[in-house]
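Take a look at the structure set out below.
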Amino acid sequence: MERRNRSSQKSCPFCGKSIIGDCYRGELICSSCGFVVEDHNEYQGPEWKAMDLEEKQRKVRVGAPRTLSLHDNGLTTVIGTGLKDSHGISLSPYMRMSIKKMKKWQKRIRTASSEERSLSAVLSKINEISNNLNLPKTVTETAAHTYRILAKKKVAKSRSIMGMAGASIYLACRKCRVSRSLKEVSRATNADKRTIAKYYRLVLKETEKEYVPPLSLGKYISKLVNTIKIDPKVERLAIHLMSEISNSKIFDGKAPAGIAASFVYISSMLSGAHVPQREIAEAAEVTEVTIRNRSREILNNFMIRQYLKVIPKDGDEILADRYHKSLNLG
DNA sequence: ATGGTTTTTACTGCGTC
DNA sequence: GACGCGGTAAAAACCAT
């Protein structure tokens with residue numbers, strides 16, 4: 001199978017240089033710093049396999065892949081502008097006129113009804129927002145799919161377009177286990193966070209029969225570690241600590257971003273990387289106070305020993321051990 | 001609307017480089 | 001003195017009812 005690298009117009013969020021997309025592996029990787037911009041993309045090349053050139057030529061039969069994110073699924077008919085017919089014979093002036101008319105009407109019909117037109121507008125908004133958020137194609141498609149359902153059920157009627165688009169995208173992120181916060185989505189849509197949250201609940205009710213689980217803490221940690229440049233061992237350590245503790249009740253009702261931030265902070269301390277609270281707080285979009293509070297709770301309730309087993313303290317020990325002692329590895 | 005919980009804001013004091 | 005850190009009180013945001 002042929003292996004193709006397609007370069008795209010996007011630039012790396014880290015170094016600003018161009019990004020090479022490797023569609024074979026389904027990843028978008030920055031060519032200079034190696035940052036993985038997107039992963040787990042669908043392979044967007046042909047979905048067939050050709051053993052030789054002849055077979056390949058025979059099998060090339062389609063244009064762009066079918067997509068839910070265009071209002072007609074990308075399956076529109078385009079009438080060509082050539083002056084010859086399929087046999088290569090020149091068309092008569094009469095036929096040319098007729099084709100010109102057909103072209104005109106085809107264009108009109110394509111987005112004929114008002115529903116079609118508004119669907120088309122919203123779907124293009126969804127595409128735009130997805131681009132802004134660097135979302136994998138699967139998420140965009142999922143969002144488009146839910147929006148179609150909403151449009152069909154007329155739920156989206158007389159509601160903010162950006163709000164509905166944002167809610168669809170946010171839901172798609174959750175379903176596809178892609179970590180994008182409500183904050184990020186609302187930034188990308190220029191819509192109020194509360195509006196999107198409200199619509200999200202509505203969308204959930206209208207389109208989802210099954211429970212959509214919240215993102216795992218591990219996802220939050222990975223994302224956080226990705227946004228700040230940090231030693232991978234910090235991530236491993238953070239995830240290790242998290243997996244030992246995460247079923248603890250001390251996190252009940254606490255915002256996951258803050259919990260993840262504090263695991264990353266503690267891990268960066270333990271591993272000697274020493275990432276300042278401010279930096280982690282900024283990347284996680286929580287405050288330093290929250291990181292401190294979560295860290296205190298973790299270190300007050302658990303002893304982190306040298307071999308990195310985490311054990312619960314009993315009541316008397318809880319107050320005795322302070323932060324720094326814990327950081328000195330028990 | 002309300003009340004309980006969590007997070008943020010703003011500020012203070014301490015130790016270190 | 002700038003910086004990172006830990007702490008607190010009060011305001012703001014959030015959430016279920």
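For the numbers below, each heavy atom of this structure counts, side chains included, while hydrogens, waters and symmetry mates do not. Proteins come first, then strands; the chains are lettered A, B, ... in the order of their sequence lines, and each starts at number 1.
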Next item on the list: Return yes when atom NZ of Lys103(A) has more than 12 non-hydrogen atoms of other residues, nucleotides or ligands closer than 6.0 Å, and no otherwise.
Entry: yes
Next item on the list: With side chain to side chain donor-acceptor pair (under 3.5 Å) as the test, would you mind laying out the steps for Thr189(A) and Ser186(A) before giving the verdict?
Entry: CA-CA 5 Å; Thr189(A) 50; Ser186(A) 86; 5.6 Å; no
Next item on the list: Could you check Arg278(A) against Arg201(A) and say which one's nearest nucleotide on DNA chain C is further toward the 5' end?
Entry: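 Between the two, 5'-proximity favours Arg278(A).
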Check: Given that Arg194(A) and His274(A) both sit by DNA chain C, which one's nearest nucleotide is further toward the 5' end?
Finding: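 The residue whose closest nucleotide sits nearer the 5' end is His274(A).
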Spacing between [X] atom [atom1] and [N] atom [atom2], to the nearest angstrom:
X	N	atom1	atom2	value
Leu299(A)	dG6(C)	CG	P	9 Å
Ile280(A)	dG6(C)	CD1	P	11 Å
Lys198(A)	dC15(C)	NZ	P	14 Å
Leu182(A)	dC14(C)	CG	C1'	12 Å

Next item on the list: Scan nucleotides 7-17 of chain B nucleotide by nucleotide, 5' to 3', and note B when protein non-hydrogen atoms come under 4.0 Å of the base, S if they reach only the sugar-phosphate, - if neither.
Entry: SBBB-------
Next item on the list: Might you work through the salt bridge (Lys or Arg N to Asp or Glu O under 4.0 Å) test for Glu184(A) and Lys223(A), ending with a clear yes or no?
Entry: CA-CA 13 Å; Glu184(A) 287 171 293; Lys223(A) 186 187 176 198; 2.5 Å; yes
Checklist line | Under-4.0 Å salt bridge between Glu206(A) and Lys153(A) | finding: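 The answer is yes: the pair qualifies as a salt bridge.
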Checklist line | Salt bridge Arg187(A)-Glu285(A), side-chain N to carboxylate O under 4.0 Å | finding: yes
Note to self: Looking at dC3(C), I'd like to know if its phosphate oxygens (OP1 or OP2) sit under 4.0 Å from a side-chain N or O belonging to Gln277(A).
What the structure shows: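 So the side-chain polar atoms of Gln277(A) never come under 4.0 Å of the phosphate oxygens OP1 or OP2 of dC3(C).
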Check: Within less than 4.0 Å of OP1 or OP2 of dG6(C), is there a side-chain N or O belonging to Tyr265(A)?
Finding: yes
Check: Sub-3.5 Å donor-acceptor pair from the side chain of Ser130(A) to the main-chain atoms of Leu135(A), do we have one?
Finding: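 Not a single qualifying donor-acceptor pair exists.
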